[in-house]
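Note that the structure is predicted; figures quoted are calculated from it, not measured.
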Amino acid sequence: MDKLKSILVVIDRASNPHLTLAKACVIARHAGARLELFMCDAEHGYSLRQAYDARGVKEAREACLASARRYLESLRQAVSAPDIEVTVDVACESPEYQGIMSKVYRSCPDLVIRAARASADRRTAPGVDANALQLVRTCPVPLMLTHGKPWQPQPRFAAAIDVSPSETPGLASATLRTSAYLARSCGAGLDVLYGERETESDPAVREELARLAREVNVPPERVHVVKGDPARAVPGFAAEQGYDVMVLGALSHRPGLAPIVGTLTGNVLETLDCDCVLVKPGSYRLPASPPVEAGATQSLA
């Protein structure tokens, strides 16, 4: 990422939407980006799709969209950001991630922001819900998953990368470029983390790590080689450091890792309570465009 013109902010009423929007405003203000608030009522979308009697479905859908639009309008009015262009859009579609992906295809944002857990997921432990995991897998642009934790006055960002030869080509570089851009946009410092097993010590890997850090102007003292099993050591180190945002690669081609996000990313998503940004490599190709249910969306500038 080397530019940020549009941010799609997915709003859930019960997942601290004001804090999610406040973080989006910090990024948008520094980057000069516009915001689009988006709400997808998947619960009503599922109910209407399963209705045996089609009578009244259209009216019920329109009422659902109108209610969501009124809520987003009230949220927009409550934000003191006259310097940021803010629009709203609503949908009544199920599952939620499909509705979000439909919106991503229509709006082509540079960044998507969503709560890590929607209101239907009442867990208090760190982690993400099923729709968030699907977005990690399919969202073609960087995806920020937020928890209900405010950032520090001067936020701290970290990029966890894998520079070993077996990792997805270009993913470490893409992750670092996105990390550096977002950190600058938020007035934040940036650390670079690399997990190295106790039995591994490859000078070529260390040199590549240093080279990539230099490309994004991260000084050597902010580059950390964390020894131990990366899937455990990196999240543990990050928690000790108190980072506000962790940026990671969203895909992995390494054999034997989880098919959606890989061991390191999956473990970070399940254990850390800081915000996470998931980045795809430049070689990533869009999945087939998800269908959009007729009459399911409505927007308002």
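In this structure a side-chain-to-backbone donor-acceptor pair under 3.5 Å is present from Asn131 to Tyr97. A donor-acceptor pair under 3.5 Å links the side-chain atoms of Tyr181 to the main chain of Leu4, judged by distance alone. At least one donor-acceptor pair closer than 3.5 Å links the side chain of Ser74 to the backbone N or O of Tyr71. Remark: the backbone N or O of Val88 is not paired with any side-chain donor or acceptor of Arg76 at under 3.5 angstrom. At least one donor-acceptor pair under 3.5 Å links the side chain of Ser102 to the backbone N or O of Gln98. In this structure, the side chain of Asp244 engages the main chain of Gln152 through a donor-acceptor pair within 3.5 Å. Between the side chain of Lys227 and the main chain of Gly195, no donor-acceptor pair closer than 3.5 Å is present.
Heavy-atom contacts from other residues, nucleotides or ligands closer than 6.0 Å to NZ of Lys5 number 12 or fewer. Atom CZ of Arg232 is surrounded by 12 or fewer heavy atoms from other residues, nucleotides or ligands within 6.0 Å.
For Phe237, the ring pair (Phe, Tyr, Trp, His ring centres under 6.0 Å) partners are His224, not counting sequence neighbours. Residues passing the salt bridge (charged side-chain N to carboxylate O under 4.0 Å, His left out) test with Glu208, sequence neighbours excluded: Arg211.
The structure places CD1 of Ile27 at 4.5 Å from CD1 of Ile113, a figure rounded to the nearest 0.5 Å. Here the CG atom belonging to Leu193 is positioned 9.0 Å from the CG atom belonging to Leu248, to the nearest 0.5 angstrom. A distance of 13.5 Å separates CZ of Arg137 from CG of Leu278, quoted to the nearest 0.5 Å.
Applying side-chain contact (heavy atoms from CB on, under 4.5 Å) to Val10 and the options Arg114, Lys103, Met39 leaves one that passes, Arg114.
For Cys92 against Leu65, the heavy-atom pair with the smallest separation is N-CD2, 3.7 Å.
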I'd like to know whether Leu135 forms a side chain to side chain contact (heavy atoms under 4.5 Å, CB included) with Val112, so could you lay out the CA-CA distance, the side-chain angles of the two residues, the decisive distance to 0.1 Å, and finally the verdict.
CA-CA 10 Å; Leu135 288 174; Val112 176; 5.6 Å; no
Under the side chain to side chain contact (heavy atoms under 4.5 Å, CB included) criterion, do Thr175 and Leu171 qualify, and how do the steps go?
CA-CA 6 Å; Thr175 301; Leu171 184 54; 4.0 Å; yes
So Arg177 and Ser173, side-chain hydrogen bond (donor to acceptor under 3.5 Å, both in side chains) or not? Walk me through it.
CA-CA 6 Å; Arg177 289 197 307 272; Ser173 179; 2.7 Å; yes
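The side-chain heavy atoms of Cys276 and His147, taken from C-beta on, include no pair separated by under 4.5 Å. Inter-residue side-chain proximity for Val104 and Pro140 is flagged as met; some heavy-atom pair is nearer than 4.5 Å.
For Glu36 and Arg106, the salt-bridge test fails: no basic side-chain N is under 4.0 Å from an acidic carboxylate O. Between Arg117 and Asp129 there is no salt bridge, since no side-chain N of the basic residue sits under 4.0 Å from a carboxylate O of the acidic one.
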